[in-house]
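Okay, structure first, notes after.
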Amino acid sequence: MSSLEVTFVTADRTVWTGHAAQVVVPAADGSMGILPQMQPTLAVLGRGLVRIIDESGQATERSVVGGFVSVDTDVVTIAVDDAELVSSDL
């Protein structure tokens, strides 16, 4: 089974990096789910939660306001000004 290679960064640190089964981001025009083998995409983020579900099924959520997400060949880059931990191990 393929997975996503995720890098989630803020202006001053790496928030999360690793392999994930799924990522959900708050795109400016609505929630966007990202799965392996998705078409290349670049989207502006709005206010909401970034949810990363790792390969074992563990989920981590962080609250963000703005930024962008880039998806290309199962590589996901999420860049925001700040990300506040909401919960882990949902």
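Quick note: residue numbers are just sequence positions, from 1.
- Trp16 and Ile78 end up in the same hydrophobic cluster when Ile, Leu, Val, Met, Phe, Trp and Tyr side chains are linked at under 4.5 Å.
- For the atom pair CG of Asp72 and CD of Glu5, the computed distance is 11.5 Å after rounding to the nearest 0.5 Å.
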### Task
Take Leu42 and Val69 through the test side chain to side chain contact (heavy atoms under 4.5 Å, CB included) and record every step on the way to the result.
CA-CA 6 Å; Leu42 179 62; Val69 62; over 6 Å; no

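- Enclosure of atom CZ in Arg13 by more than 12 non-hydrogen atoms of other residues, nucleotides or ligands within 6.0 angstrom is indicated.
- Counting only distance, with no hydrogens or angles, the side chain of Asp54 and the backbone of Gly57 share a donor-acceptor pair below 3.5 Å.
- The closest side-chain heavy-atom distance from Val6 to Ile52 is below 4.5 Å.
- For Ala21 against Pro36, the heavy-atom pair with the smallest separation is O-CD, 3.4 Å.
- For the atom pair OG of Ser2 and NE2 of His19, the computed distance is 11.5 Å after rounding to the nearest 0.5 Å.
- The CG atom of Asp12 sits 10.0 Å away from atom CG of Asp81, with the distance rounded to the nearest 0.5 Å.
- With sequence neighbours left out, Ala83 forms a side-chain contact (heavy atoms from CB on, under 4.5 Å) with Phe8, Thr10, Val15, Arg62, Val64, Val80.
- Tested against Met32 for a side-chain contact (heavy atoms from CB on, under 4.5 Å), the candidates Leu45, Val23, Thr41, Val24 yield a single pass: Thr41.
- Linking ILVMFWY side-chain heavy atoms closer than 4.5 Å, directly or via other members, places Met38 and Val76 in a single hydrophobic cluster.
- No hydrogens or angles considered: a donor-acceptor pair under 3.5 Å links the side chains of Ser3 and Glu55.
- Side-chain contact check for Leu49 versus Val86: some heavy-atom pair is nearer than 4.5 Å.
- In terms of modelled atom types and a separation under 3.5 Å, the side chain of Asp74 and the main chain of Gln37 share a donor-acceptor contact.
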